[in-house]
Structures are given as structure tokens and as C-alpha cells.
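These numbers come from a predicted model, not from an experiment. Chain naming here is simple, since letters A, B, ... match the order of the sequence lines and numbering starts at 1 in each.
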There are 2 protein chains.
Amino acid sequence: MASDRPYSSIIERLKNAGLRPTRQRLALAKLLFEKGNRHLTAEHLHGEASAANVRISLATVYNALHQFTAAGLLREVVVEPGRSYFDTNVEEHHHFYREDTCGLEDIPGEHLQVGDLPAPPAGTSVTRVDVVIRVKSDQGST
Amino acid sequence: MASDRPYSSIIERLKNAGLRPTRQRLALAKLLFEKGNRHLTAEHLHGEASAANVRISLATVYNALHQFTAAGLLREVVVEPGRSYFDTNVEEHHHFYREDTCGLEDIPGEHLQVGDLPAPPAGTSVTRVDVVIRVKSDQGST
DNA sequence: TTATTTTCTAGAATCGTTCTAAGCTATTGA
DNA sequence: TCAATAGCTTAGAACGATTCTAGAAAATAA
Ligand SMILES: [Mn+2]
Ligand SMILES: [Mn+2]
Ligand SMILES: [Zn+2]
Ligand SMILES: [Zn+2]
């Protein structure tokens, strides 16, 4: 049963991506993929690992996040300078960004349509369309 | 005539923003606003100033860009971590981002419609909607 | 096993940006 | 006209996120 092999599907995912299923990568994958959709910075994930008593260097967290992103297990989202969010939801979708709390939230794909795209510049093709709806708290708090 | 007072409208714009029309700010405004729509980083603008023999520190370029942005003369756009673009087009519009050359280009506002926005999270209101269409060169070059 | 390859890591380095504190400049109003 | 004042500029240090380095450790192959 799956409960007897809690890592088996993650191990397969890593192997399919050409990544050895090391202790560090398994621990990060568990933190990332077993809690629903998440939008995390490298430093935040490193903090979660520490809190879970997983000793891992920050450099390894960055390495793993970029490797997972290259493998299509994560997606990188940029909404402000100097900080990247890694998104466990790799389906097509867009985001709300709360400017006051610096939090990212998904907008389900079917709830936002971008009308016909204009033709991209000659010689180029579209790799992704990112829509970010920036919001702020009403009044000055929350 | 306007040609006799090439700086007069820029001076007015700065004064209206509560900014003294200093040598540095006038030179930057001239570089920014007299060449059509531009999307520049602070370092790029600093380089243009140097090339035009305007001696100005990088800190002053950053200060001026943020002041101009606060005054509504510029808009800040983020498309990748660790770098901000300042956009001289403050009309509502969206962007193509060429991932290979790191160049930003305007999409005229009327050429891209974002269908009805979903309701923002409770207690928040929308400050801006940013659409970035990421493109890459066909084949491996430019 | 042992050899080979990949991965991990501490710490240094880098990069864009912001801060600091001291000197300059534009503006004001006597 | 010219201090006095408030605002501005600057070099360089500091910063925070990220990347690099190079040697040690772990995973896999032989
Ligand atoms: Mn990255
Ligand atoms: Mn800024
Ligand atoms: Zn998301
Ligand atoms: Zn633009």
C-alpha cells in the first residue's frame, strides 16, 4: 500500500527528472508537495526544513528549487525585485499579490481569461503568460 | 517659443511633484522623456548619463527614479528577480518580455484585454493588473 | 567492493539596491 | 543681496537574496 511506501512516488518523480533521490531532496519534496498548493521563497523553505529538523544548507535549497523548476515540478514567479517565489502549482493559472503582506495566492485558471494575445515580436514565440493582480488592504491595516 | 526654453515643461513637472529642478534631475528627465517610451534599469540610465557627460552618482539615479515613480512620471515593472525596469509609459498597458535579451516591450493597451477580473480577496482592492507575455527567440539565437 | 559520478556544504563572493553621514545647492525672505 | 534653511547629492559602506567555490560525503555503477 501507498502508506507503506510514503516516498515511492516522490522517488519516481526525482528519478524521472534525472535527479538522485537524496535525503535532502526527499525532505524538500515532502515539505513542498504534501501540503497543497504553496508559494514559497527559498529562505522560507529552508526555515521549514530547519523547523522539521532536516539539516540542509541554503545553497542546497536553492539548487533543489532550481532543479525541480527545470524538471517541471515547480514554477518560479517574480512579483517584486530581489525575491523569487516557487509555486507548487504548475497548472496554467494566475495570481493575486498582496502588496502589504507580500503573499501570493492562486487565481484558478478558469476564473481569468486573457483575450486574444497580440502576435509576439517577429522571430519569437510565447513561453508563458503571467497575470498578476496586485491588491492592497482596504484602509491602512490587516 | 518652446525651443527657447527646452526645460520649461520638465521644470514644471518636477515642481508640481514637489521636487527641486536640480541639474541631475533635469538631465535624467531629459534622457528619460525625450526619446519616446523607454524601459530602463537604473544602471542602464546611469550609463546613459555618463555617456552624455553628465556626472551623477548611482545613488542619485535610484533616488530620482523612485521619486519620479512616486510622482506618477514613471512606473516600475518587475519581470525577473534582482532587477527593476522603469517605464516611461504610465498609461495602462502590458508587456512582452524577451527572455533571451532581457528586453521589455509595450503591448498597446487596446491590444490585450483581460476578461472580467475575479473578486479580490476580502478586504482588499486592486491596485494594478500586470500582464507579461514572456517570449523567446525561435531556434537558439537572435 | 571499489571506482565513478553526482551531490552537498560552509563560507566567500557577487549583484542590484539601499543606507549613511557629510558636503553642496536651490530657495526664501530679511 | 545674501545669509539661513531645507532639500539634494555623493562616496562608500552595508544589505539581502542569490550564486559560486572547491573539497567532503553520498549514491550509483562496475
Ligand atoms: Mn532562478
Ligand atoms: Mn523600488
Ligand atoms: Zn500559483
Ligand atoms: Zn511599458
Side-chain angles (χ1 to χ4, degrees), chain A residues 7-8 10-29 31 39-50 53-71 73-74 76-86 102 104, chain B residues 7-8 10-31 39-50 52-71 73-74 76-86 102 104:
Chain A
Y7 286 102
S8 60
I10 287 177
I11 289 176
E12 284 312 308
R13 289 222 264 176
L14 294 178
K15 283 185 175 172
N16 288 341
L19 298 171
R20 291 181 179 177
T22 64
R23 178 179 64 79
Q24 291 85 347
R25 293 206 274 232
L26 288 171
L28 293 177
L31 289 170
H39 303 85
L40 295 171
T41 64
E43 307 239 1
H44 189 158
L45 180 60
H46 185 240
E48 287 200 2
S50 299
N53 289 306
V54 174
R55 185 185 291 102
I56 186 173
S57 76
L58 185 55
T60 297
V61 173
Y62 276 104
N63 288 341
L65 287 172
H66 287 141
Q67 290 155 348
F68 290 4
T69 300
L73 304 177
L74 291 176
E76 190 174 357
V77 181
V78 182
V79 286
E80 63 179 58
R83 163 190 285 171
S84 278
Y85 289 86
F86 292 87
C102 300
L104 258 197
Chain B
Y7 286 102
S8 60
I10 287 177
I11 288 176
E12 285 313 308
R13 289 221 265 175
L14 294 178
K15 283 186 174 171
N16 289 340
L19 299 172
R20 290 181 178 175
T22 64
R23 179 179 63 79
Q24 292 86 344
R25 294 206 273 231
L26 288 172
L28 293 178
K30 218 162 182 298
L31 290 170
H39 302 84
L40 295 170
T41 65
E43 307 238 1
H44 188 160
L45 180 60
H46 185 240
E48 286 199 1
S50 298
N53 288 307
V54 175
R55 187 185 291 102
I56 185 173
S57 76
L58 184 55
T60 297
V61 174
Y62 276 104
N63 289 342
L65 287 171
H66 287 141
Q67 291 155 350
F68 290 3
T69 301
L73 303 177
L74 291 176
E76 190 174 358
V77 181
V78 182
V79 286
E80 63 180 59
R83 163 191 284 171
S84 278
Y85 289 85
F86 292 87
C102 300
L104 258 196

Quickly work out the [X] [atom1] to [N] [atom2] distance and round it to whole Å.
{"X": "B/R25", "N": "C/dT25", "atom1": "CZ", "atom2": "P", "value": "14 Å"}
{"X": "A/R83", "N": "C/dT17", "atom1": "CZ", "atom2": "P", "value": "15 Å"}
{"X": "B/E80", "N": "C/dG16", "atom1": "CD", "atom2": "P", "value": "10 Å"}
{"X": "B/H46", "N": "D/dT10", "atom1": "NE2", "atom2": "P", "value": "8 Å"}
{"X": "B/L28", "N": "D/dC8", "atom1": "CG", "atom2": "P", "value": "14 Å"}
{"X": "A/L14", "N": "C/dT6", "atom1": "CG", "atom2": "C1'", "value": "14 Å"}
{"X": "A/L65", "N": "C/dC8", "atom1": "CG", "atom2": "C1'", "value": "15 Å"}
{"X": "B/E76", "N": "C/dG16", "atom1": "CD", "atom2": "P", "value": "15 Å"}

### Task
Pull out every residue in residues 55-64 of chain A that has a heavy atom closer than 4.0 Å to any atom of DNA chain C, ordered by number, or say none.
A/R55, A/I56, A/S57, A/A59, A/T60, A/N63

### Task
Start with the C-alpha gap between A/L40 and A/E48, add the side-chain angles, then the distance that decides, and say whether side chain to side chain contact (heavy atoms under 4.5 Å, CB included) holds.
CA-CA 10 Å; A/L40 295 171; A/E48 287 200 2; 4.2 Å; yes

### Query
Is the phosphate of D/dT19, meaning OP1 or OP2, less than 4.0 Å from a side-chain N or O of A/H66?
yes

### Query
Any side-chain N or O of B/Q67 less than 4.0 Å from the OP1 or OP2 oxygen of D/dC8?
no

#### Entry: Residues in side chain to side chain contact (heavy atoms under 4.5 Å, CB included) contact with A/A59, at least two apart in sequence or another chain
A/S57

### Query
Does A/R25 use its side chain to pair, donor to acceptor, with the backbone of A/R20 at less than 3.5 Å?
yes

#### Entry: Under 3.5 Å: donor-acceptor pair, side chain of B/H46, backbone of B/I56
yes

#### Entry: For the student: nearest non-hydrogen atoms of A/A42 and A/L58, plus distance
O-CD1, 4.2 Å

### Query
Which distance, rounded to the nearest 0.5 Å, do you find between the CG of B/L26 and the CG of B/L14?
6.0 Å

### Task
Determine, step by step, whether A/E43 and A/Y62 satisfy the side chain to side chain contact (heavy atoms under 4.5 Å, CB included) criterion, reporting the C-alpha distance in whole Å, the side-chain angles of both residues, the deciding distance to 0.1 Å, and the verdict.
CA-CA 9 Å; A/E43 307 239 1; A/Y62 276 104; 4.2 Å; yes

### B/H66 and B/F86: CA distance, side-chain angles, deciding distance, side chain to side chain contact (heavy atoms under 4.5 Å, CB included) verdict
CA-CA 9 Å; B/H66 287 141; B/F86 292 87; 3.9 Å; yes

### Query
Once each nucleotide of nucleotides 22-28 of chain D is scored for protein heavy atoms under 4.0 Å, what B/S/- sequence comes out, 5' to 3'?
-----BS

### Task
Could you tell me whether the side chain of B/C102 reaches within less than 4.5 Å of the side chain of B/Y85, counting heavy atoms only?
yes

